[in-house]
There are 2 protein chains.
Amino acid sequence: MDKNIKEFENKIILGDCIEKLKELPDNSVDLIFADPPYNLQLKNELWRPNQTKVDAVDDEWDKFDSFEEYDTFCKEWLKECQRVLKPTGTIWVIGAYHNIFRIGTTMQNLGFWVLNDITWVKSNPMPNFRGVRFTNATETLIWAKKNEEAKGYTFNYQLMKKYNDGKQMRSDWYIPICNGGERLKDAEGNKVHSTQKPETLLRYVILASTKEGDIVLDPFAGTGTTGAVAKKYGRKYILIERDKGYSEWIQKRLDSIKDRQEWLEEHDKS
Amino acid sequence: MDKNIKEFENKIILGDCIEKLKELPDNSVDLIFADPPYNLQLKNELWRPNQTKVDAVDDEWDKFDSFEEYDTFCKEWLKECQRVLKPTGTIWVIGAYHNIFRIGTTMQNLGFWVLNDITWVKSNPMPNFRGVRFTNATETLIWAKKNEEAKGYTFNYQLMKKYNDGKQMRSDWYIPICNGGERLKDAEGNKVHSTQKPETLLRYVILASTKEGDIVLDPFAGTGTTGAVAKKYGRKYILIERDKGYSEWIQKRLDSIKDRQEWLEEHDKS
DNA sequence: GTGTAGTTTGAATCCTACG
DNA sequence: GCGTAGGATTCAAACTACA
């Protein structure tokens, strides 16, 4: 026990999100970015808190049960995030209409204090092929502080204003989905991860709400976009990922990125 | 008991939302648009940089003691809405980050099936004066059907596509806030209602998800924007409003609107 | 009437440091 | 904990006044 946060800095931690969060000390990270899974098909493997009894037949699991399990799962990891977050830190959680309402409710119930809901407006969303709904063109990010009383969170107002043509940055962000050279593909040309987030999105998040040298935690690291952007901008990262395959991709990805200091030194020489 | 929905058509019903909803028959309306109180929880005064005070929403109807009380309230009116809604009908609920997560969760728990979450992107939102957050530039609408199994809801895909320059309509809508001549003002020039919605927003909603002659119910009618747009486009309306003052404004507003048939006849002559 | 400059205002969970 | 002083902070659109 009584581990120091330094042991975890710039590490990729392989394992279950909740278990691994529990190993981190209280009040130790400056920013959390969480992109939790919400594929209801995975419910049995993923967010059964109690592995002992799993219904064999899916039909026996009515919708409310499945929502309840998901809520329990989210409450667990969010509670750990709240504990680990510094009082001056903030948390970002991204989701879509399948899960973001439940997450927002859970966060408010735990006492997180919402600062903004940000809409990621996709410039190139997937069309609705059957023409029975509106094109699903957005995802939502919740930005919150540890609790209502928490003071002193970082918001680089002037920097964001500069990036927005000199006008105050708004809560609607126009960013393309992750595609092209940035999208990780395996040897067969298949995408490595189904929901890889664009680096631009993480750049907004990290530049808006951290200072250089801050510690950024991502409990669902996936392909490691959070780590990649953190490294590029001189922030420390702690990445938790339960899938060994993904974690190996993250390692490769991060190894290929020069860290800020290196980059600055090279830049000075030229 | 056993009232017929025809008794309520094109009526403004003065009274408590939940009580009055209970008088409506099962499976009787085609569309519900609900703009419930947001539970803003504003605590302090806010001053602009030029030392003028922001006119905050401090109406009695937005006061709740806790999340729990708010949730109970929402569960009640949403349950009645679900009962009253035809299986081929849909419901829209608008909110902001203060309440929309709770509403979405409650709706999912009740078995409503979400079709889209729509982001109303405001072209002219109020800025963040203190520079401590992003400009709060959006509100969210949840569009849902009665339950997962419900079939045959109306979505005027081609019409919406036409309104969107021939491209499939997306879930992000760019609409100014309600201001100018459309904003109702009393004799002293004060706004009648602190949160009047723009007609354009309701036009999108009603044209997308109803046919002519359909019945549109608004349980929190306010200044009656839903009724006004319904009347203009040949839909029937049922408006519930608990405040006598507001309901009188609605009556005046609706009286000044020609109904669709009248309008078409005049238009034919010219 | 027309054009320009100045004023007003909108669903807002809007500060921090120091006694 | 509280009270107070210090200091940094706004965008778009409608409306008004006036030339």
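Numbers restart at 1 for each chain; the letters A, B, ... are given by sequence-line order, proteins then strands. What you see is a predicted model, and the numbers here were worked out from it, not measured in a lab.
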Peer 1: Under 6.0 Å between the ring centres of A/F134 and B/F155?
Peer 2: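 A/F134 vs B/F155: aromatic centres under 6.0 Å.
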Peer 1: Would you classify B/P36 as touching base, sugar-phosphate or nothing, given that sugar-phosphate means primed atoms plus P, OP1 and OP2, and contacts are heavy atoms under 4.0 Å?
Peer 2: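 If one applies the 4.0 Å heavy-atom cut-off, B/P36 turns out to touch a base.
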Peer 1: Which listed nucleotide (C/dT16, D/dT9, C/dG10) is nearest to the side chain of A/K151?
Peer 2: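 Nearest nucleotide to the side chain: C/dT16.
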Peer 1: Between the main-chain N or O of B/K75 and the side-chain N or O of B/T106, is there a donor-acceptor pair closer than 3.5 Å?
Peer 2: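 No; zero donor-acceptor contacts below 3.5 Å.
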Peer 1: Which one, C/dA11, D/dT10, C/dC15, comes nearest to the side chain of B/N50?
Peer 2: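 Of the options given, the side chain of B/N50 lies nearest D/dT10.
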Peer 1: Heavy atoms under 4.0 Å, any strand shown: does B/N39 hit a base, just sugar-phosphate, or nothing?
Peer 2: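 Nothing, no nucleic acid heavy atom in range.
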Peer 1: Can you figure out which of D/dA12, D/dA14, C/dA12 approaches the side chain of B/N179 most closely?
Peer 2: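 When the side chain of B/N179 is considered, D/dA14 is the closest of D/dA12, D/dA14, C/dA12.
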Peer 1: Any donor-acceptor pair under 3.5 Å joining the side chain of B/D59 to the base of C/dA11?
Peer 2: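 By the distance-only test, no, there is no pair.
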Peer 1: Using a 4.0 Å heavy-atom cut-off, does A/Q168 contact any base of the nucleic acid, only the sugar-phosphate backbone, or nothing at all?
Peer 2: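 If one applies the 4.0 Å heavy-atom cut-off, A/Q168 turns out to touch the sugar-phosphate alone, with no base involved.
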Peer 1: Whole angstrom is fine here: how far is it from CD in B/Q196 over to P in C/dG10?
Peer 2: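 Rounding to the nearest Å, CD of B/Q196 and P of C/dG10 are 11 Å apart.
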Peer 1: Mind calculating the distance between CZ (A/F155) and P (C/dC15) to the nearest angstrom?
Peer 2: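 These atoms are roughly 13 Å apart.
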Peer 1: For B/P176 and for B/P49, find the nucleotide of DNA chain D with the closest heavy atom, then tell me which residue's nucleotide is more 5'.
Peer 2: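 Its nucleotide being nearer the 5' end, the pick is B/P49.
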Peer 1: Is there a side-chain contact between B/Y174 and the phosphate of D/dA12, meaning an N or O under 4.0 Å from OP1 or OP2?
Peer 2: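 For D/dA12, neither OP1 nor OP2 has a side-chain N or O of B/Y174 closer than 4.0 Å.
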Peer 1: Of the listed nucleotides (D/dT9, C/dC14, C/dG10), which one gets closest to any side-chain atom of B/R133?
Peer 2: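 In terms of side-chain proximity for B/R133, the closest of D/dT9, C/dC14, C/dG10 is C/dC14.
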Peer 1: Compute the centroid of each ring, for A/Y38 and then for A/H98, and state whether the two points are separated by less than 6.0 Å.
Peer 2: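 For A/Y38 and A/H98, the ring centres are under 6.0 Å apart.
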Peer 1: Measure CG/B/N128 against P/D/dA12 and give the value in whole Å, please.
Peer 2: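 Those two atoms, CG and P, are 14 Å apart.
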Peer 1: Rounded to the nearest Å, what distance is computed from the CG atom of residue B/L46 to the C1' atom of nucleotide D/dA8?
Peer 2: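 Those two atoms, CG and C1', are 13 Å apart.
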Peer 1: Looking at D/dT10, I'd like to know if its phosphate oxygens (OP1 or OP2) sit under 4.0 Å from a side-chain N or O belonging to A/R170.
Peer 2: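 Checking A/R170 against D/dT10: no side-chain N or O falls below 4.0 Å of OP1 or OP2.
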Peer 1: What stems show up for DNA chain D when you take Watson-Crick pairs (N1-N3 plus N6-O4 or O6-N4) and G-U wobbles (N1-O2, O6-N3), both under 3.5 Å, and require three or more consecutive pairs?
Peer 2: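 As far as DNA chain D goes, consecutive pairing (with distances under 3.5 Å) yields the stems C:2-10 with D:11-19, C:15-19 with D:2-6.
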Peer 1: Is B/E139 touching bases, backbone alone, or none of the nucleic acid, heavy atoms closer than 4.0 Å?
Peer 2: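 Base, at least one base heavy atom under 4.0 Å.
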Peer 1: Using a cut-off of 4.0 Å on non-hydrogen atoms, how would the nucleic acid contact of B/P125 be classed: base, sugar-phosphate, or nothing?
Peer 2: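 The residue B/P125 makes base contact.
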Peer 1: May I ask you to check whether B/W61 and B/F220 place their ring centers less than 6.0 Å from one another?
Peer 2: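 Ring centroids of B/W61 and B/F220 are no less than 6.0 Å from each other.
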Peer 1: Any donor-acceptor pair under 3.5 Å linking the side-chain atoms of B/N109 with those of A/R102?
Peer 2: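 Their side chains do contain a donor-acceptor pair, which is all the 3.5 Å distance test asks for.
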Peer 1: Does D/dT9 have its OP1 or OP2 closer than 4.0 Å to a side-chain nitrogen or oxygen of A/K161?
Peer 2: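 A/K161 to D/dT9 OP1/OP2: no side-chain N or O under 4.0 Å.
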Peer 1: Between B/Y38 and B/R130, name the one whose nearest nucleotide on DNA chain C is closer to the 5' end.
Peer 2: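 So the residue in question is B/Y38.
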Peer 1: Between atom CD1 in B/I177 and atom C1' in D/dC11, what is the gap in whole Å?
Peer 2: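 So the two atoms are 10 Å apart, to the nearest Å.
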Peer 1: Measuring from the side chain of B/D62 (C-beta onward, heavy atoms only), which nucleotide among D/dA13, D/dT10, C/dA11 has the closest atom?
Peer 2: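 Per side-chain heavy atoms of B/D62, the pick is C/dA11.
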Peer 1: Counting only side-chain N and O atoms of B/Q51, is one of them less than 4.0 Å from OP1 or OP2 of D/dT9?
Peer 2: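 Looking at the OP1 and OP2 atoms of D/dT9, neither is under 4.0 Å from any side-chain N or O of B/Q51.
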Peer 1: Is B/D35 touching bases, backbone alone, or none of the nucleic acid, heavy atoms closer than 4.0 Å?
Peer 2: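 Base: the residue B/D35, judged by heavy atoms under 4.0 Å, touches a nucleobase.
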Peer 1: To the nearest Å, how far apart are A/N116 CG and C/dA11 P?
Peer 2: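 Going from A/N116 (CG) to C/dA11 (P), I get 17 Å.
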Peer 1: side-chain hydrogen bond (donor to acceptor under 3.5 Å, both in side chains) between A/N164 and A/Q168: does it pass, once the steps are laid out?
Peer 2: CA-CA 7 Å; A/N164 193 39; A/Q168 177 170 98; over 6 Å; no
Peer 1: Assign each of A/V114 and B/D55 to its nearest nucleotide of DNA chain C by heavy atoms, then name whichever residue's nucleotide is nearer the 5' end.
Peer 2: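 Final value for this comparison: B/D55.
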Peer 1: Quick check: any donor-acceptor pair below 3.5 Å linking the side-chain of B/K197 to the base of C/dA11?
Peer 2: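 Yes, a donor-acceptor pair under 3.5 Å.
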Peer 1: Are the aromatic rings of A/W143 and A/W173 close, with centres under 6.0 Å apart?
Peer 2: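 A/W143 vs A/W173: aromatic centres not under 6.0 Å.
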Peer 1: Using only atom types and a distance under 3.5 Å, with no angle test, would you say the side chain of B/Q41 pairs donor to acceptor with the backbone of B/S66?
Peer 2: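 Pair absent, no side-chain N/O of B/Q41 close to backbone of B/S66.
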Peer 1: I'd like the P distance from D/dG7 over to C/dC14, given in whole Å.
Peer 2: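 Rounded to whole Å, the distance is 23 Å.
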Peer 1: Would the A/Y174 and A/W120 ring centres measure less than 6.0 Å apart?
Peer 2: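 No; A/W120 has its ring centre 6.0 Å or more from that of A/Y174.
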Peer 1: Just how far, in rounded Å, is P of D/dG1 from CD of A/E149?
Peer 2: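 It is 8 Å, rounded to the nearest whole Å.
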Peer 1: Base, sugar-phosphate, or nothing for A/K167, non-hydrogen atoms under 4.0 angstrom?
Peer 2: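 Answer is sugar-phosphate: A/K167 comes under 4.0 Å of backbone atoms only.
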Peer 1: Is the phosphate of C/dG10 approached by B/K191 (side-chain N or O, under 4.0 Å from OP1 or OP2)?
Peer 2: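 Yes, such a contact exists.
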Peer 1: Please give the distance between the P atoms of D/dA8 and C/dA12 as a whole number of Å.
Peer 2: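 Nearest-Å result for D/dA8 against C/dA12 at atom P: 26 Å.
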Peer 1: Touch check for B/A96, heavy atoms < 4.0 angstrom, all strands: base, sugar-phosphate only, or nothing?
Peer 2: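 The answer is nothing, as B/A96 stays clear of every strand by at least 4.0 Å.
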Peer 1: Name the nucleic acid region contacted by B/S194, choosing base, sugar-phosphate or nothing; use a 4.0 angstrom heavy-atom cut-off, strictly under.
Peer 2: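 Sugar-phosphate, backbone atoms only, no base.
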Peer 1: Within the 3.5 Å criterion, strictly below it, is a donor on A/D218 or A/Y237 matched to an acceptor on the partner's side chain?
Peer 2: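 On atom types as modelled, these side chains do not qualify, holding no pair under 3.5 Å.
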Peer 1: Atom CH2 of B/W47 and atom C1' of D/dA5: how far apart are they, to the nearest Å?
Peer 2: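 The distance from CH2 of B/W47 to C1' of D/dA5 comes to 17 Å, rounded to the nearest Å.
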Peer 1: Classify the nucleic acid contact of B/G181 as base, sugar-phosphate or nothing, counting any heavy atom under 4.0 Å across all strands shown.
Peer 2: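 The answer is sugar-phosphate, as B/G181 gets under 4.0 Å only of primed atoms, P, OP1 or OP2.
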